[in-house]
Amino acid sequence: MNKGIRCVISAALAITIILAVPITPRAAANRLFNFDKSEITKIRLINSDSALMEDIEDPEKIADMIDALNNFEYATSYPRDPDLIGYSYAIDLYSDSFDEDGMIRYEFGPDCILVDGVWYISEEELLQPLVESIQPGGEYWVYVKGIEWMIGLVQKIFLVILYGE
C-alpha cells in the first residue's frame, strides 16, 4: 500500500474516532434503568414513615417519574446492610411486561436506590422529585438495629417536635 493511501486511511480513522467520542452515551454503564414509559400502567409510591401511599395512573405523571428513574446515574454502590430494617420510600411499577405479578418494587431515597440487594448512590439527589411526590419536603430515614436505630428514632422525634409532621 502506498504512503498516500495509508495517510488517507489513518486520517479517516482518526476523524471517525474523534467524532464517535461525543456521540457515545456518557456514563451508560452507570445507569440502571431503561423503562419504556408506555408500558408502565401504574406507579405506587409508598412512604413507610408516615404510612402514606399514592397510586398514580396519569400518563404524564408516570412519564415524569419514569424519566427520573431512567436518568438516575450512580457514582458508587454497596451491598445492602443485613441489619437494616424496613425502608422509608418505595416505588412499585406496574406493567404487563413484568413477571407473573406484573409489579417491581424498589426502595429509594433522594440520592440512592436499592436494586437486587445493592444500594446505588448518585452524587446528586436525582430521585428527590419522587420523595417530594409522596411527601413534599420529605426526609429520608434509615433504621438500623441497635444504637443506630435509637439515634434515628430520637432524631425523628426531635425533628417532628421542631417542624411538625
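- With values rounded to the nearest 0.5 angstrom, S77 atom OG is found 13.5 Å from I113 atom CD1.
- The only member of I46, I104, L69 that meets side chain to side chain contact (heavy atoms under 4.5 Å, CB included) when paired with I91 is L69.
- Here ring pair (Phe, Tyr, Trp, His ring centres under 6.0 Å) pairs that include residues 32-70, with residues two or more places apart or in two chains, are F33-F35, F33-Y106.
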Test side chain to side chain contact (heavy atoms under 4.5 Å, CB included) applied to R44 and M103, step by step: CA-CA 10 Å; R44 174 173 287 159; M103 189 266 292; over 6 Å; no
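- Between Y78 and I121 there is a side-chain heavy-atom pair separated by less than 4.5 Å.
- Applying the salt bridge (Lys or Arg N to Asp or Glu O under 4.0 Å) rule to D36 yields no partners; only residues at least two apart in sequence or on another chain are considered.
- To the nearest 0.5 Å, the span separating CD1 on I56 from OG on S133 amounts to 6.0 Å.
- Y94 and I43 end up in different hydrophobic clusters when Ile, Leu, Val, Met, Phe, Trp and Tyr side chains are linked at under 4.5 Å.
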Full working for side chain to side chain contact (heavy atoms under 4.5 Å, CB included) between Q128 and D111: CA-CA 7 Å; Q128 182 64 23; D111 64 347; over 6 Å; no
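- The salt bridge (Lys or Arg N to Asp or Glu O under 4.0 Å) search around K37 returns D67, not counting sequence neighbours.
- With a 6.0 Å radius and a threshold of 12 heavy atoms from other residues, nucleotides or ligands, D101 has its CG atom above the threshold.
- How far OG of S122 is from CG of L32: 10.0 Å, rounded to the nearest 0.5 Å.
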Worked check of side chain to side chain contact (heavy atoms under 4.5 Å, CB included) between Y89 and L52: CA-CA 10 Å; Y89 301 103; L52 293 174; over 6 Å; no
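- Rounding to the nearest 0.5 Å gives a distance of 10.0 Å between CD1 of I62 and NZ of K42.
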Side chain to side chain contact (heavy atoms under 4.5 Å, CB included) evaluation trace for E39 with F98: CA-CA 10 Å; E39 290 185 6; F98 295 156; 5.9 Å; no
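- The number of heavy-atom neighbours closer than 6.0 Å to CD of E124, taken from other residues, nucleotides and ligands shown, is 12 or below.
- Contact annotation: the side chain of M65 approaches that of L45 to within less than 4.5 Å [non-hydrogen atoms, C-beta and beyond].
- Checked against F108 for a side chain to side chain contact (heavy atoms under 4.5 Å, CB included), the options L114, L130, V115, L126 give a single hit: L130.
- In plain terms, the two heavy atoms of W119 and C112 that are nearest each other are CZ3-SG, 3.7 Å.
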